Amino acid sequence: MSVVERIRSRLQETLAPSFIDVGDDSALHAGHAGARSGGGHYRLEIVAEAFAGKNTVARHRMIYAALGEMMGGDIHALAIRARTAAEAANQPTEKETR
């Protein structure tokens, strides 16, 4: 199973998102110290009701906890956009803005 698939699986099991998009941006960081040690650079967009009433820091902590040992190992860097369904309804996804 790829790192992207493992990220997606862990987050689905833990946070039950209604939308999840995981991208691997590792190739953009070739030669970076984290890339040399094996950790990749990933991008995450996730929509889950588990984030309701939580600020950005709390949402990120929930994601880091779900990913566990992958953080700092398989994952060197993770860009996160975490929203509730209500927030997502008022904002386009990253894919829609590209």
Side-chain angles (χ1 to χ4, degrees):
M1 180 182 297
S2 74
V3 174
V4 168
E5 290 167 335
R6 288 175 43 220
I7 291 169
R8 186 177 288 115
S9 176
R10 286 189 181 203
L11 294 174
Q12 286 174 332
E13 289 172 12
T14 307
L15 301 173
S18 58
F19 175 83
I20 187 168
D21 181 48
V22 183
D24 185 347
D25 293 337
S26 299
L28 301 174
H29 301 276
H32 181 280
R36 285 193 299 270
S37 66
H41 290 71
Y42 300 91
R43 173 183 21 84
L44 170 66
E45 184 166 2
I46 184 169
V47 176
E49 287 312 305
F51 299 138
K54 306 279 193 298
N55 65 25
T56 301
V57 172
R59 293 173 186 197
H60 287 207
R61 286 181 178 157
M62 292 169 69
I63 292 165
Y64 298 148
L67 297 175
E69 79 285 346
M70 292 182 72
M71 293 303 302
D74 295 317
I75 303 169
H76 172 71
L78 182 63
I80 300 171
R81 185 173 190 203
R83 301 174 292 159
T84 64
E87 292 165 344
N90 295 319
Q91 303 168 1
T93 65
E94 289 295 319
K95 283 186 174 184
E96 293 170 339
T97 59
R98 288 186 210 156

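Everything numeric in this text was worked out from a predicted model, so none of it was measured.
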Side-chain heavy-atom pair Ile63, Ile46 within 4.5 angstrom cut-off: yes
So do Leu67 and Leu11 actually touch side chain to side chain, heavy atoms under 4.5 Å? yes
Does any part of the side chain of Arg81, heavy atoms only, come nearer than 4.5 Å to the side chain of Arg83, both counted from C-beta? yes
Do Val47 and Ile20 have side-chain heavy atoms sitting under 4.5 Å apart? no
Closest heavy-atom pair and its distance - Asp24, Arg43: N-NH2, 4.4 Å
Non-hydrogen atoms of Gly40 and Ser26 that approach each other most closely: CA-OG, 3.2 Å
Shortest non-hydrogen contact from Ala48 to Pro17? CB-CA, 3.9 Å
Please name all residues satisfying salt bridge (Lys or Arg N to Asp or Glu O under 4.0 Å) with Arg61, sequence neighbours left out, ordered by chain then number. none
Roughly how far apart are Met71 CE and His76 NE2, rounded to 0.5 Å? 10.0 Å
Got Phe51 and Thr56 here, is their nearest side-chain heavy-atom distance under 4.5 Å? no
Atom pair OG1/NZ of Thr84 and Lys54 - distance to nearest 0.5 Å: 11.5 Å
Arg10 and Ala66: which non-hydrogen atoms are nearest, and at how many Å? CD-O, 3.5 Å
Between Val3 and Val22, is there a side-chain heavy-atom distance shorter than 4.5 Å? no
Hey, does Ile75 have a side-chain heavy atom less than 4.5 Å from the side chain of His41? no
Quick one: pull up CG in Leu44 and CZ in Arg8 and give me the separation to the nearest 0.5 Å. 9.5 Å
Under 3.5 Å, side chain of Glu5 to main-chain N/O of Ser2, donor-acceptor pair present? yes
Do Ser18 and Glu49 have side chains that approach each other closer than 4.5 Å (heavy atoms only, starting at C-beta)? no
For Glu87, the salt bridge (Lys or Arg N to Asp or Glu O under 4.0 Å) test, sequence neighbours excluded, returns Arg59
Check step by step if side-chain contact (heavy atoms from CB on, under 4.5 Å) holds for Asp25 and Tyr42. CA-CA 5 Å; Asp25 293 337; Tyr42 300 91; over 6 Å; no
